[in-house]
Each structure stands twice: as C-alpha cells, then as structure tokens.
Amino acid sequence: MNYTKTLFIVALTLFTSLLFAEPVTLTLTDGTVWQGETGNPISLVVKKGRKKTTVEGTLTRNAGQFIVVTTTSRDQVIFLSDIESVSTETNSSTKAPEEIESTNDRAQTEPTPKIKPKAKPEAGKLTKGVFLLPLDGGVGEIIRSTEIRELAEHADQYGPGQILILDINSPGGSVLTGVQMRDLLYDIRKRHRVIAWVDRATSGGAFLSFCCDEIYFRRSSNFGSITMWSGNFQGAAEPEMNAWITQLEGVLAKSSRTPLFAAPMVVFAAQLSYDIDEKTGEITYFDTTEGEFVLSDGQSVEVLSITSEQAEHCGLSDGTADTLEELATLLNLDQWEEVDEEGRKLASTWKVTLEKAGVEIPELYGEFGGNVEARTNGERIMKQIKAGKALLSWAKKLGESAMNFGLDDGFLGGPDRIAAIKRQIKELEQQR
Amino acid sequence: MNKRHVSLILGALLSVPFTSISFANDDKISAWADAVTETEDRGTSVLIIPMSGQTLTDIRGEVYADLQEDIKTLNPDLIVIEIDCKDAKDIFYQQMGWFNPKEIGRFEGETKNLPAVAKVFRVNLKDIEQVAFVKDSMGSITPLTLSWEKIYMTPDARLTGTLALAARYSNISDENVRGKMRTAWTLLASILGGYGKRDPDLMLALVDPEKFLSGTWNGRNVEWFNHLDADFYVDNSNEMVPGFSATQAEELGISEATVDSLNDVLLLNDIREYHIVGEEITEELNDYVSDWRSNLKKAQTLWGDYEQQRGWAAGEERVRWLVKNKNTIKSLIGICKKYPAVRIRMRFDPKLQQLENILEEIERELRKPSTPTRGGGGPSMGGGGGGMK
C-alpha cells in the first residue's frame, strides 16, 4: 500500500515537473553558461569560502540570484556566486565568449545607460533588476522615507530579490528621520537587496548607509562623523549619546559589520584599530590601538570619518565604484541595466515639489497672517482664507515633510498646527 | 562599578548564553511552522482577540465583556490573545523621548478596568483554552499579559513593568496613607498575576519600583523574591521596575517560547491544522479602536468649536451661537457617554459634570432676554428689549 502510494507521488512529481519545466540559463561567475530546464538532474560543485562540496539533485527553481536543488533529503538554496561548476546528463555547459564579450563591450561604451523599461513579470516568474534612487541632501530635510517606500513598492511589482540602489550624497540631518528610515529599510531588506552607493555620506548619510545590505564608495567619498547634536551645535547629553552608540552598534551588527565602528564615529575618545591576516585576509578589529592599522587613536579631536581607500582596506565598504558599470561589476551583474527610471523620477519630482514649497509656503504664511493687498476688508479676509486653505493643501502634499514647514499635525503629542490653521480659517469665515 | 554596570553585566550574563539557545530554537520553530496549515474549516478552531494600544482607552473591560456571550456561543477550541502595547516604538525611541505621552498606557483612577478584562477571559471564558501571543507588552498592560499562564513572545517583544501604579501614591506625604494606597494599588498586579499562576513577588516587582527582584532556579522554574539574596537578581533598584526581552522572559520561564508567527504558537500547542473563527468578533474589536479614535478627533474639534463660538456669542449673533454651542456640548456629551475612552483623553470628569454645567450655563444664558443693539451691532444697552431669534 505504502509502495503504491510512494510510486504514485513520485510519478505525480515527475509528471508535474515535466509539465511545468522551464528553460534555465545559469551564468556562473567565471563566465560559464549552463543551459537546461527545471526538472533536470544536475550535479554542482559549490564553493563556500575554502570548502568545496558536491550537490546532486533536481533543479526545481531558478530565482535569478539563486537556484533551488531538490536533493534526496531536502530543498537546497544555492547562490549562483557560490557555484564553481555545474553538469548534467544533458549538459550544455559551454563557454559563451561572444556573449560575455558583447556584455563587457556594452558596459564600456555606454557610460550613461539608456533605460528601457522592462515589462512586469508574469505571475510565477521571477526576474531581477536594478532600481536607482538618488538621495541628495539633508536627511529629514530632503531625504525622507516616502520616496524609498514608493520605490520599494514599485520594485515589489517585479517580485522579490530586486536590487535597490540608494545613491547617497548627504551631509546628515534629523536623527529621528534616520531611525524611521532604518525601520523602513530593514523591512525592504526582507524582500530586496538594498545597496548604499555613497558620495558624501556624513552623519545621517552614513547612518542611512549602515542600514543597507551593502555599501559601495566612490573614490571621492567621505563617510562617518555620526555624532548626535542639537541646536547651537551642542552635543547630546551622555545618556542619549550612549543610547545612540548602542543604536548604531545594532545597525552595524544587522548588516554583519563590526559594531566597533560605532563609538569612534560618534565620540572622538573611542579607539579603533584592526589587523589583516596575511593568509586569509580576515580582519580583526580592536577597540584599542593594538591593531596594526589605527583608524581612531582616541587622541584626535575629530570623530572618525573615512575615505574610500580606508573603507575598502578596513572592510567597511564592499568596494569602490565611480561609474554605474563599475558598480554593476561589484554587484556581480552582467551589465548595468536599470529596470526603469522610477527612482530617478521620484527624486526629481520631490526636488521640484520641495523647491516650490520653499518659495510658496512662506508667502502663504504671510498672506494668511493678513499681508495681502485688498481694497476691502471682505476681500482681505477672502484672500487670507484662500492662503490658509492652500497651506492645508501643502501639508497634505508634503506628507511626512510638512513639519519642516511648520505644518505639524500633533506629531509625538506636540502642537497641532494644522488644527490651528483650520480654527483660524473658521475665525476668518466668521468675520467675513 | 555602579548600579548601572551591575545591571548591565547581569543583563549581559543573562542574555548572552540565552540568546544562543533561543536562536537555535527559533530556527527549528521557523522550519517546523511550515507544517502548520490554515484551512477553511478543518482542524482546531482559533479565535484571534486583538489587544493593542493603550490600556484604559483601546483596552477596556466593557468592550470585551460585550462580546463575551458571542465568544461563548462560538466556542472556539483556542483563543489567541494578540497583545501589542508599546509606550514607544522601541527602546531607542523611548530613550530619546520620541513617543506621544498621551498614548502611554493608563490606569488613572480606574482600578477595575484591567481586572474586568481578566474576568472576561480568565473567569467567564475559562473553559476555553487560551494563550497570549505577545508582540509587545510595555508598561500598564504587563500585569494583564501575565494573567495568561501561557505567553509566547516575538523576538523583538518586550515585557516591561510599569510606574503608572506607583504614580498614584508616590506623592502622598503621610506615610501611613501612602503605605495603604501603595498596597491597594500594587495589589492589582498580584491579583492579575494570580490568574496566570505567576509568582506574587515577580508581579509586585513589575509595578512597585521600591521592590527588588531576584530569583533562584528550582529545576526549570525560577522562584522569585523581593530581596537580593537569591541566586541572581534582575532589579536591584528601588526607583525602577524591571523589564525583560523575549529571550530573557523565555529563559526565566516567564514566557513559553520565542516565536515568529501565529503558526509557531499553534505548532507549540500541537496544532498542525487550524481554521480561524469569529472574524466578526475580531473585526468588531478592531472597529471599536478606530471608532473611538475617530470620535476623539470629533470631540477635540467640537471642544475647539465650543471655545471659539463662545467668543462669537455677542450682539445680534448671541443667540445663534449660544444655540449652536448648546448643540455642540450636547454632541460632545453624547460622544463621551458612548466612548469613555474619549472622555478620558479629553480629561473630562467621569460623570461629565463639567460639560453638564456648561450646558446649564448656556441654557441660563438663553433664557435671559436678548440684548438690543443699536446701529448695527453697537455696544449693549443692557436690560430687556429685543426678542429671541
């Protein structure tokens, strides 16, 4: 009875796999291309660090960045970057030099990529693409969660495993906004690969980068100085500063970086040095100056801020890239290919909105306060009401950034300025 | 080494070995939880009871009591109480003061609220199996959370004590009165903990900052004491109340396990197949929260209207705005009666006497004859004359 049941299940599985077999092309890191289809029995040599293992089973899924091989005991997820070789009975494992060369040529001859929007994938098919979001400015002032959230939601439509690149150029900003973005980025990281590609990333910009899966520098990058301070350049009180260091340590650990980077980037008295094992390349960090390479001696009056060269040497960055093509190579992509311009559009739309807000809102406040030209009192009131309503409309449009323009809605129990404007409009309507 | 260092070292000592043990368990649970299947109507019937937000407003005894009979009729195999009460989003938000003080869990003078919730589930519905799935239990809710014997916490969840009860008596200068009030208020924790068979010393330490807390292992359980002479201590301060991470709570036997999902909770209760029942009950509870909160906004607007209109009730417009204000206050009273949570947040007295007095005052004003005006709204002539509009 059991034998019959097992036979039936095996037959059904085989039938199902044949019925839904899909063509698969795997491009290994050395350029080897394997072609086959799901359901093929395959044998892989997988390399993890120095360890090599052979995995034999049935190829059941191709997810772009990884494949799933069903072995006799379990489903095994294997990343393409770990596969050294692949073979099967119907193996078509061949070098495809032409294809590889042409890919490289494209990368070299097209410094500014022409983005052809990719079609959204059909249900059940996973594709992987790149989305780039320029984040240029102060955190909380210009850089905020909305654009990141919207881009992630857009990327969601293409399935999990997309690459979201945050092109960060920021001198810092609001700690609260940074921490709110931390939560958002952690959430996005559950389904996508989030990359920080930094230009200038000091303070909040560095914090934001630490919240990403990987960090890549430009040669001119400057990164660090995450000290927390409030108005009049006063450093935060010691308990808050300690809490901030702990917070930063947690963020670093979440991205598999040493938490020891945290303290020297916040307070100058903290020390940091490291050694590099000549044979393995493994880096050991110390919160003292005992390492061969000293990043912070605790004597200098500057908190830690590092260059691309230092970052790569000490293992803080995952690589240095000045161009999109260089970045593509570091990301292990065949070529730089953005899915569409959604991220760039989001950034430029927000920039335009913000510039307009910067001009219009102060004027509207003035008009709402009675600074209007009018022949009669009634006309003056009408214009004031109109300005008040326009301010409310701006508050809606600016969303989380409205508070930067004094359009708070009682955030964290603070004064509800939106309600106050509404009340003032009622007062004006009564006077009319 | 100061107090802070001692507690930090203890925290580290407690959490480091426990963390590794728990992570190993988590992995197993996550893998196994896939074996739990939600079906249309097969397997264990599970009712989800949301308990999120602020005690005394979002979490009120009468709201759950109103649904008690429906739950009895439904008679699910298991009730899962989903507790998610946080004063601040996380510990860092708390340290930075990034929270809305108006949203912190409350007791106010209402000692009976949390026991009323406990009475619904732990007494009146005691024949139905129950577990608490804790996503966060910060402050006031914690004594109620521990009224369930079996609690499961998500990895980021916290179980922290509260200073809200101590705030009720800490400013009383007379020592005897203070002592009496201290006993009366902190007893609440022991009563609630009693439903969950919790150690009274543990419960007291969670609400009384003057109590210490230490423990001694007895097999796999911990015996708790309000002194510092046991094997280890978690609270050596007479100014603060303790708090536990999910890992610590699990390792100290306060929670059953650290879990990622409802499926994990069910698996640990030997449930492989389940179906959700009483979705209308769950929805009703969620609706209550959104309803009272939208009515709070209405009430705030009405109160603002009243204050604004009060200034307009003069001259020819006097009666118009008095009548308008009468209706405004009546609407406000209506909302506060329907939603005590709104009354609490608006800081009106329990009997709404303040609003009733305003209403009476408006009616008295309306009974007075209108003041005649001269030349389109000039100064009042005083005395009689003119008619009511």
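Note: hydrogens, waters and symmetry copies are ignored here, and every other heavy atom, side chains too, is used.
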Candidate pair A:K422 and B:T301, rule side chain to side chain contact (heavy atoms under 4.5 Å, CB included), full reasoning = CA-CA 10 Å; A:K422 285 180 182 169; B:T301 304; over 6 Å; no
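Applying the salt bridge (charged side-chain N to carboxylate O under 4.0 Å, His left out) criterion to B:E38, with sequence neighbours excluded, gives no partner residue. In terms of the ring-ring contact (aromatic ring centres under 6.0 Å, His included) criterion, residue partners of A:F261 (sequence neighbours excluded) are, by chain and number, A:Y285. In this view, A:E427 and B:Q308, B:W312 satisfy the side chain to side chain donor-acceptor pair (under 3.5 Å) rule, not counting sequence neighbours.
Salt bridge B:K297/A:D416: absent, no basic N to carboxylate O contact under 4.0 Å.
Your options are A:P239, A:A243, A:A419, and the one with the most heavy-atom pairs under 4.5 Å with chain B is A:A243.
Using a 4.5 Å cut-off between heavy atoms, B:D90 touches chain A through its side chain atoms alone. Contacts between A:Q180 and chain B at a heavy-atom distance below 4.5 Å involve backbone atoms as well as side-chain atoms. Contact annotation for A:K426: both backbone and side-chain heavy atoms come within less than 4.5 Å of a heavy atom of chain B.
Contacts between residues 404-413 of chain A and chain B, defined by a heavy-atom separation under 4.5 Å, are made by A:L412, A:G413.
Contact record, A:E240 with B:Q95: OE2-O, 4.2 Å, taken as the closest heavy-atom pair.
Between A:Q430 and B:E317 the shortest side-chain heavy-atom distance falls below 4.5 Å.
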